[in-house]
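Report on one structure; see the data block that follows.
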Amino acid sequence: SSIMFSEAEVQSARGAWEKIYVDAEDNGTTVLVRMFTEHPDTKSYFTHFKGMDSAEEMKQSDQIRGHGKRVFTAINDMVQHLDNSEAFLGIVNPLGKKHATQLKIDPKNFRIICDIILQLMEEKFGGDCKASFEKVTNEICTHLNNVYKEVGW
């Protein structure tokens, strides 16, 4: 299945993403901390976060900061390949497989993370920024969900 982005969509999505990716570690951390705070059940996947209740404490955690940066780096790799389905899926597929089979992460969490990223984009850079990136998050979530289906989740 090819990914349907026009050249204009690719450019505006990359422009929107660059704004938030400049501070990948801080923004990635903010996104995860929001997820853990607003959806506390998601903390259960990360055994070392279980005891952490305050957002402040979470923000200081090297493990959360590291994972926040990893999430943003993975999305950045995808954003660089929006115009190449094969390369895009070459990133999404192994990531989905790992989260489905080894980590056993419920796929609804991908949508949660994407929605929080869009929310953060809107807060920091306005509605146009968010709108430019919405289609990307839909593609990412759709393809991750497809991987889950393939492995029989």
Side-chain angles (χ1 to χ4, degrees), residues 1 3 5 13-82 87-153:
S1 59
I3 297 168
F5 286 99
R14 283 187 183 150
W17 174 251
E18 272 162 22
K19 291 179 178 171
I20 201 163
Y21 188 64
V22 172
D23 298 310
E25 190 175 312
D26 280 343
N27 287 326
T29 301
T30 298
V31 167
L32 286 186
V33 169
R34 266 190 206 183
M35 177 173 78
F36 294 142
T37 314
E38 295 167 11
H39 305 268
D41 56 304
T42 57
K43 280 201 295 185
S44 65
Y45 292 112
F46 295 87
T47 50
H48 45 271
F49 303 165
K50 275 206 178 94
M52 287 186 199
D53 292 320
S54 82
E56 268 323 299
E57 203 182 348
M58 288 181 206
K59 275 183 195 130
Q60 305 307 317
S61 155
D62 287 341
Q63 278 148 329
I64 293 182
R65 297 191 72 80
H67 198 71
K69 181 129 195 255
R70 270 200 300 283
V71 168
F72 267 48
T73 303
I75 295 173
N76 191 57
D77 290 343
M78 295 173 199
V79 169
Q80 301 319 312
H81 295 100
L82 294 176
F88 179 90
L89 293 173
I91 297 158
V92 173
N93 290 341
L95 191 84
K97 276 205 180 91
K98 183 183 180 185
H99 281 76
T101 58
Q102 287 177 284
L103 304 170
K104 307 211 182 327
I105 304 288
D106 189 313
K108 75 175 189 332
N109 295 313
F110 297 124
R111 185 73 260 176
I112 292 172
I113 283 191
C114 283
D115 286 343
I116 296 171
I117 288 171
L118 292 173
Q119 188 185 30
L120 193 62
M121 281 182 158
E122 187 168 31
E123 286 166 21
K124 284 179 176 280
F125 310 110
D128 287 351
C129 182
K130 175 191 172 185
S132 305
F133 205 66
E134 233 155 347
K135 187 169 177 179
V136 176
T137 60
N138 290 338
E139 285 291 334
I140 291 172
C141 289
T142 299
H143 287 287
L144 284 168
N145 281 323
N146 290 344
V147 175
Y148 270 68
K149 284 192 196 101
E150 280 161 29
V151 300
W153 177 267

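Keep in mind it's a predicted model, so treat the numbers as computed, not measured.
- Checked against salt bridge (Lys or Arg N to Asp or Glu O under 4.0 Å), D62 has no partners two or more places apart in sequence or in another chain.
- Taking every heavy atom of both residues into account, A16 and M121 meet most closely at O-CE, 3.7 Å.
- Using a 30° and 60° split on the angle between ring planes, W17 and F72 fall in the tilted class, from 30° to 60°.
- Counting heavy atoms from C-beta on, the side chains of Y21 and T73 come closer than 4.5 Å.
- Scanning both residues, V147 and G96, for their nearest heavy atoms gives CG1-C, 3.7 Å.
- By the 4.5 Å heavy-atom criterion applied to side chains, I117 and I75 are counted as neighbours.
- Without hydrogens or angle criteria, H99 side chain to L95 main chain gives a donor-acceptor distance under 3.5 Å.
- Contact of the Q60 side chain with the E56 side chain is registered, since non-hydrogen atoms from C-beta on lie closer than 4.5 Å.
- Two residues are said to be in side-chain contact when any heavy atoms from C-beta on lie closer than 4.5 Å; E139 and L82 fail this criterion.
- For the side-chain contact (heavy atoms from CB on, under 4.5 Å) test with K130, the passing option among K124, Q119, E123, E122 is E122; the others fail.
- Side chain of K43 to backbone of M52: a donor-acceptor contact under 3.5 angstrom is found.
- Counting heavy-atom neighbours within 6.0 Å of K108 NZ, excluding the residue itself, gives a total above 12.
- Residues N109 and Y45 come closest through the heavy atom pair ND2-CE1, 3.2 Å.
- Here the shortest heavy-atom pairing between V33 and M58 reads CG2-CB, 3.7 Å.
- Residues Y148 and I105 meet the side-chain proximity criterion, which asks for heavy atoms closer than 4.5 Å.
- Atom CG of N138 is surrounded by more than 12 heavy atoms from other residues, nucleotides or ligands within 6.0 Å.
- Using a 4.5 Å cut-off on side-chain heavy atoms (C-beta onward), F110 and I140 make no contact.
- Summarising the geometry of C141 relative to C114, their closest heavy-atom pair is SG-SG, 3.6 Å, with the distance given to 0.1 Å.
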| task | Let me see the working for N76 and R14 under side chain to side chain donor-acceptor pair (under 3.5 Å), right down to the final yes or no. | result | CA-CA 9 Å; N76 191 57; R14 283 187 183 150; over 6 Å; no
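- The number of heavy atoms from other shown groups lying within 6.0 Å of NZ (K135) is above 12.
- Inter-residue side-chain proximity for D77 and Q80 is flagged as unmet; no heavy-atom pair is nearer than 4.5 Å.
- Between G68 and L32, the closest heavy-atom pair is N-CD1, 3.4 Å.
- Side-chain contact between T29 and H67: absent, with no pair of heavy atoms (C-beta onward) separated by less than 4.5 Å.
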